[in-house]
There are 2 protein chains.
Amino acid sequence: MSKFENVTITKEANIYYDGKVTSRTVEFSDGSIKSLGIMLPGEYTFNTHDKEIMEMMSGDVEVKLPGAEWRTLLTPEMFTVPANSSFDLKIKSVTDYCCSYIK
Amino acid sequence: MSKFENVTITKEANIYYDGKVTSRTVEFSDGSIKSLGIMLPGEYTFNTHDKEIMEMMSGDVEVKLPGAEWRTLLTPEMFTVPANSSFDLKIKSVTDYCCSYIK
């Protein structure tokens, strides 16, 4: 188990897709932000504002990045999504993730 | 939105009931521990080790405490569960909660 120390966490969850995707926002002392989240099986599309590094820590996942084909991730695996774009996910089993927002 | 500052959060989620209940463990500088979690609709039973204060922040929830009848919570609402016992929940809508473990 790894830990983030000396952080601020927002108490209320971020809830998407009727609770099938939820996360908590974590702020670091350097001002950077991550979200720690869970995805239940399903198909999802997410839009990005900032560039995002998605660390899929566990779970059976396929991802479609902008302009690319669907591919299966071998979790734990990371992928990067450009700012102001979107990505699609097929979640086959409960997936634990960490999203880093890159300004 | 309220925040917990200067805390340590375990990166990996706690996952129960096939992902229908998940949480993140938050450690405070005084050594106390809380978990921030989400429950999807369903019926659940939880055992306690420490005394627990469950703050049901949002959601349509019924609770059955040891030796008591089922009752509907008017979230946000808290309830307390003795150490080394258990409680039952009927979750009718996505529920965001904060559990405090009391040593």
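These numbers come from the heavy atoms of this one structure, side chains and all, not from hydrogens, waters or symmetry mates. Letters A, B, ... are given to chains in the order of the sequence lines, protein chains preceding strands, and every chain is numbered from 1.
Using a 4.5 Å cut-off on side-chain heavy atoms (C-beta onward), A:Ile38 and B:Ile38 make no contact.
Hydrophobic clustering keeps B:Phe46 apart from B:Trp70 (ILVMFWY residues linked when any side-chain heavy atoms are closer than 4.5 Å, directly or through intermediates). If you chain together hydrophobic residues whose side chains sit under 4.5 Å apart, A:Tyr101 and A:Phe79 never meet in one group. When the side chains of ILVMFWY residues are joined at heavy-atom separations under 4.5 Å, either directly or via intervening members, B:Val63 and B:Ile53 end up in two distinct hydrophobic clusters. In this structure, B:Met78 is not a member of the same hydrophobic cluster as B:Ile91, with clusters built from ILVMFWY side-chain heavy atoms closer than 4.5 Å. In this structure, A:Ile33 is not a member of the same hydrophobic cluster as A:Met54, with clusters built from ILVMFWY side-chain heavy atoms closer than 4.5 Å.
Shown here is A:Lys64, whose NZ atom has more than 12 heavy atoms of other residues, nucleotides or ligands within 6.0 Å.
In this structure, the side chain of A:Asp96 engages the main chain of B:Ala13 through a donor-acceptor pair within 3.5 Å.
In this structure, A:Glu55 pairs ionically with B:Lys11, as a charged nitrogen and a carboxylate oxygen lie closer than 4.0 Å.
Across A:Val7, A:Ile9, A:Thr8, a single residue satisfies side-chain contact (heavy atoms from CB on, under 4.5 Å) together with B:Phe4, and that is A:Ile9.
Contact count versus chain A (heavy atoms, under 4.5 Å) is highest, among B:Glu27, B:Arg24, B:Met39, B:Lys34, for B:Arg24. Contact tally against chain B (heavy-atom pairs below 4.5 Å) for A:Pro41, A:Ser58, A:Gly37, A:Cys98: the top residue is A:Gly37.
To the nearest 0.5 angstrom, B:Thr22 atom OG1 is 11.0 Å from A:Leu36 atom CG.
The contact between A:Met57 and chain B is made entirely by side chain atoms (from C-beta outward), counting heavy-atom distances below 4.5 Å.
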